[in-house]
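Data block below; observations after.
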2 protein chains.
Amino acid sequence: MSDYPRPALAADVVALGFDGSELFVLLIQREHEPFAGSWALPGGFVEPSESAEQAALRELTEETGLTDVSVEQLHTLSQPGRDPRGWVVSVAHLALLRMADHPPAAGDDARRAEWVPVKRAKALAFDHGLALERALARIRARAERFPFGAELLPEKFTLRDLEALHRAVLGEDLDRRNFRKRVRSWAALVPLDERETGVRHRRARFFRFDGRRLRPFVRAETGES
Amino acid sequence: MSDYPRPALAADVVALGFDGSELFVLLIQREHEPFAGSWALPGGFVEPSESAEQAALRELTEETGLTDVSVEQLHTLSQPGRDPRGWVVSVAHLALLRMADHPPAAGDDARRAEWVPVKRAKALAFDHGLALERALARIRARAERFPFGAELLPEKFTLRDLEALHRAVLGEDLDRRNFRKRVRSWAALVPLDERETGVRHRRARFFRFDGRRLRPFVRAETGES
DNA sequence: CCAAAAGTGTTCTCCATACACCCATGC
DNA sequence: GCATGGGTGTATGGAGAACACTTTTGG
């Protein structure tokens with residue numbers, strides 16, 4: 001068994017964020033060949049003492065300093081020739097995180113990851129574009145069927161924030177009244193007494209997600225993939 | 001990059017079949033430690049010249065002689081220690097195949113895979129039970145939302161066959177009239193003029209799936225996993 | 001008073017569900 | 001003629017979609 005040729009095993013992360021109006025993905029601009037100058041997913045090699053998920057989380061933490069992040073496996077990319085340097089298989093992961101907590105890296109360190117609007121994230125290095133596609137498809141499916149947004153929005157948010165997120169994920173067609181009816185039917189969404197301030201229009205109510213009531217949905221999804 | 005430790009990479013297959021009343025999974029009884037005597041998923045090591053999917057299909061073909069099979073990736077199992085012999089990462093796949101075309105192996109070759117009823121497939125070797133769980137969850141989700149059954153049923157089948165399959169996948173609660181209404185609303189299901197013969201009750205009509213009309217659903221699913 | 005977004009209800013259609021009886025066939 | 005499964009229709013309830021106006025606030 002041990003005399004089989006072995007691939008290098010990478011864990012890459014499609015980390016998505018939301019700035020209030022647009023989806024972003026965390027990318028690194030490559031300095032060296034292959035794909036020098038191209039954008040690529042953050043990631044690194046899996047160590048024998050950890051799972052691919054753990055490696056993805058570790059890489060993400062090293063990159064952003066952020067630890068309280070949900071990471072889940074997306075797909076394993078194993079097409080021969082996907083990395084010109086040799087046999088490298090990559091387990092792609094999806095991470096959803098609150099962009100506000102992880103500001104765009106200070107511009108001085110070129111190795112730092114940057115938030116790039118998903119719409120502008122084209123022609124990624126390797127087959128990372130496929131991983132991004134899958135990540136978007138996954139959250140689309142999730143937003144269609146389940147309460148969605150807890151990981152991407154700040155603790156408190158308005159229904160308009162949530163609506164903007166759904167709009168960004170699903171496309172432009174959403175009726176406000178129907179949307180509100182739908183999300184308020186989720187028991188997982190709890191209204192707060194607090195309201196927006198300093199806006200020059202009526203103050204929107206804040207909401208938060210109830211993680212307890214969200215959990216059943218997280219389980220329901222597992223079979224969904 | 002090449003001085004990182006590398007795992008052995010396996011491609012394992014959860015091959016599911018349906019005998020008309022029950023779901024089966026194709027398993028191999030292990031002869032050697034670890035897990036000697038336990039049931040395990042068929043599979044083998046990925047070669048540098050192929051993708052994990054291709055490896056899964058190759059292994060399945062070697063095992064069953066069958067080639068016209070749909071294989072898709074399920075999940076990558078990478079928990080450290082999952083294989084006591086060393087660092088082995090496995091990409092688990094789902095394959096759906098027509099059991100009738102792949103009869104239970106002749107009993108004389110112990111290395112041959114056997115169809116085991118899913119209900120009796122407990123305590124699999126390694127973490128193969130997890131892969132089986134995921135496979136079942138995936139087809140459950142699919143049967144709930146999309147036309148399902150084309151890969152598991154013979155070319156021609158009766159609505160009762162299809163119903164039995166859905167019952168096996170989803171559980172026992174299915175109303176026959178509602179089920180028929182639902183599947184007949186799929187344009188993908190086409191009635192034939194042919195009917196059952198030799199049964200001592202009214203002859204059931206045969207149906208087949210229209211692969212052309214099925215395709216849009218296959219695409220719709222990609223985002224679902 | 002004006003701009004900008006918050007907030008709110010009703011109607012309609014469609015789909016899922018619940019539910020019970022007659023029909024064709026072989027023995 | 002009887003046992004076995006094939007085959008059919010209707011009524012109801014809930015969810016999603018379409019659709020327009022009033023309210024609050026800051027400038």
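All values below were derived from every heavy atom in this structure, side-chain atoms included, with hydrogens, water molecules and symmetry-related copies excluded.
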Taking atom types as they are modelled, would you say the side chain of R176(A) forms a donor-acceptor pair with the base of dG7(C) within the 3.5 Å cutoff?
yes
Can you check whether R200(B) has a side-chain N or O nearer than 4.0 Å to OP1 or OP2 of dC27(C)?
no
Ignoring hydrogens and angles, answer whether the base of dG7(D) and the side-chain atoms of R205(B) contain a donor-acceptor pair closer than 3.5 Å.
no
Can you find a donor-acceptor pair, distance only, under 3.5 Å between K181(B) side chain and dT8(D) base?
no
In sequence, state the C-alpha distance, the side-chain angles, and the governing distance for L132(A) and H128(A), and then conclude on side chain to side chain contact (heavy atoms under 4.5 Å, CB included).
CA-CA 6 Å; L132(A) 178 56; H128(A) 289 179; over 6 Å; no
Between C1' of dG16(D) and CZ of R184(A), the distance in whole Å
18 Å
N178(A) has a side chain; which of dG5(D), dC19(D), dT17(C) sits nearest to it?
dC19(D)
For dG7(C), does OP1 or OP2 lie under 4.0 Å from any side-chain N or O of R195(A)?
yes
Does a nitrogen or oxygen in the side chain of R180(B) sit under 4.0 Å from OP1 or OP2 of dG9(D)?
no
Do you see a donor-acceptor pair shorter than 3.5 Å between the side chains of T67(B) and T61(B)?
no
For L162(A) and dA5(C), what is the distance between atoms CG and C1' respectively, to the nearest whole Å?
16 Å
To the nearest angstrom, the CD-P distance between E163(B) and dT8(D) comes to 13 Å
In whole angstroms, how far is the C1' atom of dG7(D) from the CD atom of E196(B)?
12 Å
Take the protein atom CH2 of W186(B) and the nucleotide atom P of dC15(C), then report the distance between them rounded to whole Å.
15 Å
Using only side-chain N and O atoms of R177(A), determine if any of them is under 4.0 Å from OP1 or OP2 of dC21(D).
no
Would K156(B) and E194(B) count as a salt bridge (Lys or Arg N to Asp or Glu O under 4.0 Å) here? Give the steps.
CA-CA 9 Å; K156(B) 299 174 197 170; E194(B) 214 169 333; 2.9 Å; yes
For ring pair (Phe, Tyr, Trp, His ring centres under 6.0 Å), just list the numbers for F157(B) and F206(B), CA-CA rounded to whole Å, side-chain angles, deciding distance to a tenth of an Å, and then say yes or no.
CA-CA 5 Å; F157(B) 51 88; F206(B) 283 117; 8.5 Å; no
Given atom CZ of R203(B) and atom P of dA24(C), what is their separation to the nearest angstrom?
12 Å
With a 4.0 Å cut-off on N to O distance, would you call R142(B) and E72(B) a salt bridge?
yes
Using heavy atoms to find the nearest nucleotide of DNA chain D for R182(A) and D175(B) separately, return the residue whose nucleotide is more 5′.
D175(B)
Given atom CG of L170(B) and atom P of dT17(C), what is their separation to the nearest angstrom?
11 Å
To the nearest Å, how far apart are D161(A) CG and dG7(C) P?
11 Å
